[in-house]
Number of protein chains: 4
Amino acid sequence: MPNEKGPDHSRRKERSRQAILAATRALVAEEPYEKVTVEAIAARAGVGKQTIYRRWPSKSAVVFAAFLALSEGADGPGEGADGPAVALPDTGDLGADLRLVLRATAEEFADPAFDRLIRALTTEIANDAVLAAEYQEKLAQPLEEAKKARLRSAQAAGQLAADADLDLFLDLLYAPLFQRWLHRAGPLTADYADALVDAALRAFAP
Amino acid sequence: MPNEKGPDHSRRKERSRQAILAATRALVAEEPYEKVTVEAIAARAGVGKQTIYRRWPSKSAVVFAAFLALSEGADGPGEGADGPAVALPDTGDLGADLRLVLRATAEEFADPAFDRLIRALTTEIANDAVLAAEYQEKLAQPLEEAKKARLRSAQAAGQLAADADLDLFLDLLYAPLFQRWLHRAGPLTADYADALVDAALRAFAP
Amino acid sequence: MPNEKGPDHSRRKERSRQAILAATRALVAEEPYEKVTVEAIAARAGVGKQTIYRRWPSKSAVVFAAFLALSEGADGPGEGADGPAVALPDTGDLGADLRLVLRATAEEFADPAFDRLIRALTTEIANDAVLAAEYQEKLAQPLEEAKKARLRSAQAAGQLAADADLDLFLDLLYAPLFQRWLHRAGPLTADYADALVDAALRAFAP
Amino acid sequence: MPNEKGPDHSRRKERSRQAILAATRALVAEEPYEKVTVEAIAARAGVGKQTIYRRWPSKSAVVFAAFLALSEGADGPGEGADGPAVALPDTGDLGADLRLVLRATAEEFADPAFDRLIRALTTEIANDAVLAAEYQEKLAQPLEEAKKARLRSAQAAGQLAADADLDLFLDLLYAPLFQRWLHRAGPLTADYADALVDAALRAFAP
DNA sequence: CCATAAGCGAGACGGTACGTCACGTCTTAGA
DNA sequence: TCTAAGACGTGACGTACCGTCTCGCTTATGG
């Protein structure tokens with residue numbers, strides 16, 4: 001019982017939906033963001049503007065959906081809602097694992113295409129409380145939860161204080177990287193990543 | 001010898017400049033940012049659009065200048081370029097001083113007018129590398145320097161590790177607050193501020 | 001042998017056809033013409049747009065058909081193609097009969113609903129040569145023929161010149177009324193109708 | 001005291017105004033009317049759409065203005081408001097003069113460019129009472145007056161009944177030609193023009 | 001007396017043009 | 001000389017309909 005009313009145009013719907021999101025990602029990744037107009041997206045997707053406006057209320061929402069779809073993997077309809085089960089490496093050495101992950105994050109931000117995409121997303125989220133809430137719920141929290149799972153494992157292994165505030169730990173770890181990237185306040189080096197990991201671990205040592 | 005060339009139209013210039021910046025601040029503080037147009041600024045300032053474009057290349061630059069002027073105090077022409085000598089309290093108790101400052105910062109962000117202003121600024125900076133550099137030079141670095149002065153005093157008093165990376169310390173302290181505010185990821189409470197101070201101090205204990 | 005292929009769905013066909021034409025007439029009569037869209041007609045008729053496009057190539061054609069059906073009376077399919085036998089009154093006094101008819105025509109134009117309908121029809125005909133031809137054949141010529149029958153009777157009675165050009169006579173009679181109405185050049189009074197009759201009769205007196 | 005408020009941008013204004021009207025005339029004359037869009041006019045005139053909408057409320061009004069400007073000759077600003085003094089030929093032979101004029105009118109309608117232009121104008125006027133009134137005042141009445149001047153001269157010469165209703169005479173003369181053209185009811189031949197003149201003269205013989 | 005296939009309502013689709021808004025430039029009158 | 005005022009060319013906005021298409025349901029026989 002997938003549809004509740006009206007005929008099921010899901011095939012066409014799905015095709016155009018994917019075309020729109022792919023076009024959005026492509027444009028955001030390769031053009032300066034002010035050139036990413038709804039008209040350009042429609043043209044690139046081979047779609048009428050109305051087809052975009054029928055589904056999303058604003059360019060922000062499209063950009064957000066484009067990013068969301070990316071994170072959800074294949075994201076076909078009827079897919080599992082519990083997500084693609086992100087998980088951090090767990091070699092038993094928390095410091096090493098975190099260094100690996102944080103270095104990878106730093107490198108990701110260095111990719112110009114990804115930089116443009118995430119910068120666009122950040123801009124839209126910063127100026128739209130509704131999108132911000134959806135971002136927290138659909139993207140940030142699941143990811144945080146995966147990270148906290150790794151931290152709990154470290155707590156059990158006695159590598160973190162038993163009463164450590166894991167949310168705070170993650171903030172200490174990631175926020176400085178994010179801010180440095182957003183404000184272009186300095187290079188996102190492996191050294192910086194390592195220093196962050198070390199400091200966070202010191203702050204919450206057992 | 002206040003003006004260097006031509007007749008003395010500097011009074012009118014300065015008056016209109018101030019009117020433009022004040023109008024920009026007022027609009028940014030009270031309207032949703034997409035309604036802050038150059039035309040609205042010009043109308044509010046009682047100024048022709050061209051007078052704005054003659055001085056700044058884009059709306060971003062005006063918004064930035066408006067914020068910059070705010071931080072520079074009265075910012076009359078010919079004022080001291082070395083700034084208004086920001087300084088953090090120094091009671092001798094680093095933890096107490098930092099808690100005070102960080103709680104104040106958190107409260108500042110809670111003011112809707114300031115929220116809109118700094119959000120606009122952040123948006124413009126995030127998408128314009130030139131503005132970002134100017135922001136670093138004119139606003140961020142002086143402020144960081146003032147904060148680091150206080151930290152060096154703490155180092156001398158043996159309240160921080162002698163080899164502590166002060167930039168990193170400040171990142172740990174401020175970035176989580178900034179990120180939480182920008183993404184509306186949680187409330188900016190005094191408790192959160194205190195927890196940040198405690199964690200940072202633990203990470204760089206002597 | 002009413003239908004040539006497939007099962008006979010003529011009842012549904014006929015019902016929807018009538019619904020479309022009725023909806024078109026209703027809309028044209030009560031709305032400004034630019035609001036008469038194919039979508040509005042379909043909605044009002046409780047019909048899909050495709051059902052309209054399956055039968056007529058354009059809105060013009062629908063409007064024309066709606067008017068045509070009106071003139072053909074009940075216009076069920078298979079009806080007599082020779083029409084409903086329009087006939088002008090023939091009291092023996094040509095002047096009196098024409099005054100009666102022309103005054104009635106003038107009054108018809110004064111009805112706002114009829115005004116809108118005929119104005120829409122005129123607009124479509126004026127800009128579409130195919131419709132114009134169909135209009136001449138299906139509506140104008142039969143009516144002209146009925147009028148000419150009355151005129152021939154008058155000729156036989158010696159009330160019109162034996163060699164009078166009856167088409168021209170009718171043009172003199174009706175075209176000024178039509179033009180005055182179309183251009184809103186003046187009121188369509190009984191006096192004006194009478195003056196037209198008198199002038200035409202003088203021009204073709206025996 | 002030409003302008004009442006604000007600076008006088010009349011040079012640019014006038015240049016763009018002329019460009020718009022010329023482009024409109026060109027497009028209407030050479031394209032099917034549904035392709036004459038405001039965007040096409042703007043593009044052809046090398047003008048922004050807004051410049052059109054700033055001056056006229058709708059396409060109808062632009063088309064009308066384009067036609068009006070044509071009739072007013074050079075129509076520079078500040079020109080004589082009493083018009084270009086249209087006058088009919090007056091050889092003393094009313095019948096001959098009218099035949100000449102009516103034949104010329106018939107030929108004019110046969111020119112495809114003029115046909116399209118006047119058909120567009122007629123369509124717009126037929127569906128807009130405001131334009132219709134302006135048409136009567138600015139175009140129809142001055143022309144009628146010129147024609148009536150010639151008829152009064154004929155009355156004085158005893159070629160028309162002294163008490164003839166000259167408006168009615170003109171309606172008899174021109175309306176049949178107009179209607180035949182508008183409805184494409186028949187060819188606009190010289191013979192038809194002559195027949196109209198003869199009939200009208202018979203109707204209003206002295 | 002169903003089985004079936006044509007026709008139907010609904011409405012999404014790729015488009016075009018609409019009329020509006022703000023951009024950044026240009027022009028003018030006047031202080 | 002520089003300003004305020006504001007018109008200009010440009011281009012994106014979000015909306016309305018166009019005419020086409022695809023769905024699943026209705027319906028009236030013909031097997």
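Values reported hereafter were calculated over all heavy atoms of this structure, with side chains retained and with hydrogens, waters and symmetry mates removed. Every chain is numbered from 1, with letters handed out A, B, ... down the list of sequences.
- Applying side chain to side chain donor-acceptor pair (under 3.5 Å) to B:T123 and the options A:N127, A:T122, A:T123 leaves one that passes, A:N127.
- Stacking of A:K59 on the aromatic ring of A:Y53 is not recorded, the 6.0 Å distance cut-off and the 45° axial limit not both being met.
- C:I52 places its CD1 atom 13 Å from the C1' atom of E:dA10, with the value rounded to the nearest Å.
- Separating the NZ atom of A:K13 from the C1' atom of E:dA10 is a distance of 12 Å, rounded to the nearest angstrom.
- Between D:Y53 and A:T51, the residue anchored closer to the 5' end of DNA chain E is A:T51, taking for each the nucleotide with the nearest heavy atom.
- A donor-acceptor contact under 3.5 Å is not formed by the side chain of C:K49 with the base of E:dG9.
- Using a 4.0 Å cut-off on heavy atoms, the residues of residues 28-48 of chain C that approach DNA chain F are C:T37, C:V38, C:E39, listed by number.
- Distances shorter than 4.0 Å separate none of the side-chain N or O atoms of B:R17 from OP1 or OP2 on F:dC2.
- Whole-Å rounding puts the C:R15 CZ to E:dA6 P distance at 20 Å.
- In this structure, CH2 on A:W56 lies 9.5 Å from OG1 on A:T51, to the nearest 0.5 angstrom.
- Taking CG from D:L21 and CG from D:L68, the interatomic distance works out to 9.0 Å, rounded to the nearest 0.5 Å.
- For the residue pair D:R55 and D:S16, a side-chain donor N or O sits within less than 3.5 Å of a side-chain acceptor on the partner.
- Side chain of D:K49 to backbone of D:I41: no donor-acceptor contact under 3.5 angstrom is found.
- Summarising the geometry, the separation between CZ on A:R55 and P on E:dG11 is reported as 15 Å, rounded to the nearest angstrom.
- Residue C:K59 contributes atom NZ, which lies 10 Å from atom C1' of F:dC18 at whole-angstrom precision.
- For B:S16 and C:P57, each mapped to the nucleotide of DNA chain F holding its nearest heavy atom, the one lying further toward the 5' end belongs to B:S16.
- Side-chain contact, A:Y135 with A:E124: no donor N or O sits under 3.5 Å from an acceptor N or O.
- Within the 4.0 Å cut-off from OP1 or OP2 of F:dC2, not a single side-chain nitrogen or oxygen of B:R54 is found.
- In terms of polar N and O atoms assigned as donor or acceptor, the side chain of D:Q50 never comes within less than 3.5 Å of the base of F:dC8 in a complementary pairing.
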